[in-house]
Every structure is written in C-alpha cells, then in structure tokens.
Undergrad: 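There's a structure below that I have some questions on.
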Amino acid sequence: MTLRTLVVIPAYNEQGKISRVLHKIPTALQADALVVDDCSGDQTAAEAKQAGAEVVRHPQNMGVGAAIRSGIDHAMTNRYTVVAILSGDDQHDPADLRELLRLVECEGYDFVQGSRRLAGLAAPNIGLFRRTFTWVYAFIFRALTGFPCTDATNGGRAFRLSIFDDKRINLWQEWLNTYELEPYLLYQVVKCKFKVTEAPMKVIYHRQGTTKMKPLRDWWRILRPMLYLSLGLRK
C-alpha cells in the first residue's frame with residue numbers, strides 16, 4: 001500500500017523554475033505537491049498553481065526553514081504519512097525521490113537523506129568552496145553523531161511524519177527559520193535513534209540563479225545547529 005505522501009517545495013522568487021520542478025515530479029510517485037511561497041516578489045505562486053500544485057503563501061519573507069515547517073504543518077493537518085522535500089530552484093531531479101520514498105515505504109526507514117556523494121560526486125558545476133565545505137561538514141557530522149553520512153547538507157530528503165511524535169524534535173523554534181532547520185532535523189533524527197539512511201540525489205548547480213545563500217552568514221547558519229546541539233546549548 002502506497003503511503004500518503006506530500007512533496008513540499010519551499011520557494012522564494014522562483015518564477016520560471018518552479019513549474020519545471022513540478023512538471024518533473026514522476027506521476028508514478030502518487031504524491032501530492034505543495035509549494036510554500038515565502039512571500040515572493042514575482043509570480044512564483046501563480047506559476048505553481050498553474051502547474052497544478054497547491055500553494056501556501058507566507059504574508060512576509062521568513063526563510064527556507066519556516067517554509068519547510070509550514071509544509072510539514074500542512075502535511076500533518078491533512079493527515080499525510082510521509083513528506084519529501086525538493087528545492088524550488090530546480091537543483092534536484094525529482095526522479096531521484098523514487099529511491100528515497102521506496103526506502104521509507106518498503107524498507108521501513110523513518111528518514112532518508114539525499115546524498116550527492118553516495119554514488120560518487122553527482123553535482124554538476126559545483127564550486128570549489130561548496131565542494132570543500134560540504135565534505136568538511138559531513139566529516140564533522142560523522143565525528144559528532146557516529147552516523148556514516150556522506151552528505152549532510154543536501155536539501156533533498158524524505159521522512160515519516162511520525163518522527164515528530166518524539167518531542168525532542170522541535171522544529172517550531174524561531175531560531176530555525178532560515179537555513180538552520182534542515183541540519184537541525186538531520187542531527188536530531190540521528191541522535192534520537194530513528195532508522196536513518198542515505199540515498200543518491202544529485203544537486204545541479206546552474207550557471208545563474210542557483211543559490212540565494214550569502215557567504216559566511218548562511219554557512220554559519222548551517223553549521224551552528226550541529227555545534228549548538230552537540231554542546232547542549234540548544235534543544
């Protein structure tokens with residue numbers, strides 16, 4: 001029996017890309033799609049609706065973490081069993097979700113993290129700094145958690161909503177509104193001893209408009225949840 005699945009796509013100013021993402025989602029997944037528009041200043045929401053997705057729109061820009069959280073809230077309210085996350089900027093190939101969701105549905109995993117390195121580096125046009133940072137981050141993550149991850153910063157993942165029955169996993173904290181939420185979630189599911197694994201998921205770095213991240217500030221936002229949680233400074 002196919003688990004009821006919602007593909008959550010956080011998006012901010014992704015006009016011209018969001019429809020491509022939605023049209024690439026394989027119908028065989030039998031999943032619904034939700035675009036969380038983080039108060040875009042362009043036609044992201046209208047384009048997503050025209051492509052057939054349900055849309056939730058933030059009244060103000062809050063950050064990618066808040067957008068993912070809104071998608072999870074929507075999934076829980078509407079009694080979905082599984083959530084998968086895709087980037088709204090066409091960095092992921094939605095076809096890669098097949099294996100992530102198979103591992104959840106057929107192999108009993110609670111959380112499957114996408115990895116651009118599991119089957120070799122599948123990251124066209126990746127820059128030297130990002131290549132180095134993502135490798136170093138995964139190395140630190142392995143050292144702190146014991147989980148043999150190869151890619152802890154890939155935004156593609158799938159998980160059972162039942163993980164949130166464990167109140168140690170608290171996404172509903174304001175400090176997780178931006179890039180902190182995703183590394184926080186991965187760290188917590190590992191430390192709470194859920195059944196976690198990785199599956200190949202490429203990350204495509206387009207020549208233009210690939211990322212809205214700001215150097216140093218946003219890389220620190222990705223790094224600090226792992227440090228805070230390991231030092232007991234946050235929960």
Side-chain angles (χ1 to χ4, degrees), residues 3-12 34-39 56-88 100-101 103-104 108-115 137-138 140-147 149 151-198 213 217-235:
L3 299 177
R4 192 160 183 252
T5 300
L6 182 67
V7 179
V8 173
I9 307 170
Y12 177 62
L34 174 74
V35 172
V36 182
D37 178 16
D38 194 25
C39 198
V56 169
R57 179 173 165 84
H58 286 171
Q60 63 186 42
N61 182 254
M62 298 174 66
V64 64
I68 291 171
R69 187 168 59 225
S70 291
I72 291 170
D73 286 339
H74 181 93
M76 294 172 75
T77 298
N78 290 278
R79 299 185 179 181
Y80 285 89
T81 306
V82 175
V83 161
I85 307 292
L86 282 177
S87 62
L100 277 72
L101 292 170
L103 288 166
V104 172
Y109 282 96
D110 299 303
F111 192 101
V112 183
Q113 171 67 30
S115 172
Y137 188 97
I140 297 171
F141 192 93
R142 290 195 300 272
L144 291 177
T145 66
F147 176 69
C149 73
D151 187 359
T153 55
N154 192 322
R157 53 183 60 86
F159 49 86
R160 296 175 186 267
L161 286 169
S162 57
I163 64 176
F164 300 113
D165 293 340
D166 190 324
K167 300 309 177 186
R168 291 174 294 178
I169 303 176
N170 181 12
L171 299 187
W172 294 267
Q173 304 178 70
E174 190 173 350
W175 75 280
L176 300 176
N177 278 359
T178 59
Y179 290 104
E180 295 90 350
L181 184 140
E182 295 171 275
Y184 170 93
L185 179 57
L186 178 59
Y187 186 96
Q188 289 291 66
V189 293
V190 169
K191 297 301 284 186
C192 292
K193 300 189 183 305
F194 283 97
K195 190 176 181 181
V196 182
T197 192
E198 289 183 320
M213 294 180 65
R217 182 197 69 180
D218 289 334
W219 287 109
W220 165 240
R221 286 173 168 172
I222 291 173
L223 183 63
R224 69 174 181 155
M226 182 169 59
L227 298 179
Y228 286 177
L229 292 169
S230 64
L231 294 173
L233 301 176
R234 297 275 189 171
K235 293 183 180 180

Undergrad: For a 4.5 angstrom cut-off between non-hydrogen side-chain atoms, does I72 reach V8?
TA: no
Undergrad: Quick one: side chain to side chain contact (heavy atoms under 4.5 Å, CB included) partners of K235, sequence neighbours excluded?
TA: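 So K235 forms no side chain to side chain contact (heavy atoms under 4.5 Å, CB included) with any residue.
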Undergrad: If every non-hydrogen atom of I9 is compared with every non-hydrogen atom of G88, which pair is closest and at what distance?
TA: CG2-CA, 3.5 Å
Undergrad: Please name the pair of heavy atoms, one in Y179 and one in V64, separated by the smallest distance, quoted to 0.1 Å.
TA: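 The pair with the smallest heavy-atom distance is CD2-CG1, 3.8 Å.
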Undergrad: Is Y184 reaching over with its side chain to a backbone N or O of N170, donor-acceptor style, under 3.5 angstrom?
TA: yes
Undergrad: Working to the nearest 0.5 angstrom, can you tell me the gap between L231 CG and M226 CE?
TA: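 Interatomic distance, L231 CG to M226 CE, rounded to 0.5 Å: 10.5 Å.
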Undergrad: Using modelled atom types and a 3.5 Å cut-off, is there a donor and acceptor pairing between side-chain atoms of R142 and backbone atoms of C149?
TA: yes
Undergrad: Output the distance between atom CG (D110) and atom SG (C192), rounded to the nearest 0.5 Å.
TA: 11.0 Å
Undergrad: Give me the atom names and distance for the closest heavy-atom approach of A75 to V83.
TA: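 Reported closest heavy-atom pair: CB-CG2, 3.5 Å.
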Undergrad: What residues form a side-chain hydrogen bond (donor to acceptor under 3.5 Å, both in side chains) with W175, not counting sequence neighbours?
TA: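 For W175 the side-chain hydrogen bond (donor to acceptor under 3.5 Å, both in side chains) partners, ignoring immediate neighbours, are Q173.
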Undergrad: Could you tell me the separation between the OG1 atom of T5 and the CZ atom of R160, rounded to the nearest 0.5 Å?
TA: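 These two atoms lie 9.5 Å from each other.
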Undergrad: Enumerate the side-chain hydrogen bond (donor to acceptor under 3.5 Å, both in side chains) contacts for residues 59-73, please, sequence neighbours excluded, ordered by first and then second residue.
TA: D38-N61, H58-S70, R69-N177, D73-W172
Undergrad: To the nearest 0.5 Å, tell me how far M76 CE sits from L6 CG.
TA: 12.5 Å
Undergrad: With heavy-atom distances below 4.5 Å as the criterion, would you say the side chains of L185 and L171 are in contact?
TA: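 They are in side-chain contact.
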Undergrad: With a 3.5 Å distance limit and no angle check, can you tell me whether Q113 reaches the backbone of N154 through a side-chain donor-acceptor pair?
TA: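 Yes, the answer is positive, given that a donor and an acceptor are paired below the 3.5 Å cut-off.
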Undergrad: Which residues pass the side-chain hydrogen bond (donor to acceptor under 3.5 Å, both in side chains) test with T197, not counting sequence neighbours?
TA: none
Undergrad: Quick check for you: to the nearest 0.5 Å, what is the distance between T145 atom OG1 and K191 atom NZ?
TA: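 One finds 6.5 Å between OG1 of T145 and NZ of K191.
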Undergrad: Over all heavy atoms of both residues, which pair between P10 and A67 is shortest? Give the atoms and the distance, please.
TA: CB-CB, 3.7 Å
Undergrad: Is the backbone of T77 close enough, under 3.5 Å, to the side chain of R79 for a donor and an acceptor to pair up by distance?
TA: no
Undergrad: Are side-chain heavy atoms of I85 and F159 found at a separation under 4.5 Å?
TA: yes
Undergrad: side-chain hydrogen bond (donor to acceptor under 3.5 Å, both in side chains) with E198: which residues, sequence neighbours excluded?
TA: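 For E198, the residues satisfying side-chain hydrogen bond (donor to acceptor under 3.5 Å, both in side chains) (neighbours in sequence not counted) are T150.
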Undergrad: Distance check, rounded to the nearest 0.5 Å: I222 atom CD1 versus R217 atom CZ?
TA: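 Going from the CD1 atom of I222 to the CZ atom of R217 covers 11.0 Å.
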Undergrad: Would you indicate whether the side-chain heavy atoms of V104 and T81 approach each other to under 4.5 Å?
TA: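 Not touching, per the 4.5 Å side-chain cut-off.
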Undergrad: Give the minimum heavy-atom separation between D151 and A138, together with the two atoms involved.
TA: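 Minimum heavy-atom contact is N-CB, 4.2 Å.
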Undergrad: Heavy atoms, side chains only, cut-off 4.5 Å: are V196 and F147 in contact?
TA: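 They are in contact (side-chain heavy atoms under 4.5 Å apart), so the answer is yes.
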Undergrad: When you measure from the side chain of R4 to the backbone N and O of N78, does any donor-acceptor pair fall under 3.5 Å?
TA: yes
Undergrad: Is there side-chain contact between Y187 and L227, with heavy atoms separated by less than 4.5 Å?
TA: no
Undergrad: Identify, with sequence neighbours excluded, every residue that meets salt bridge (charged side-chain N to carboxylate O under 4.0 Å, His left out) alongside D166.
TA: R168
Undergrad: Can you name the nearest heavy-atom pair linking G65 to L181, along with the distance?
TA: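 Result for this residue pair: O-CD1, 3.3 Å.
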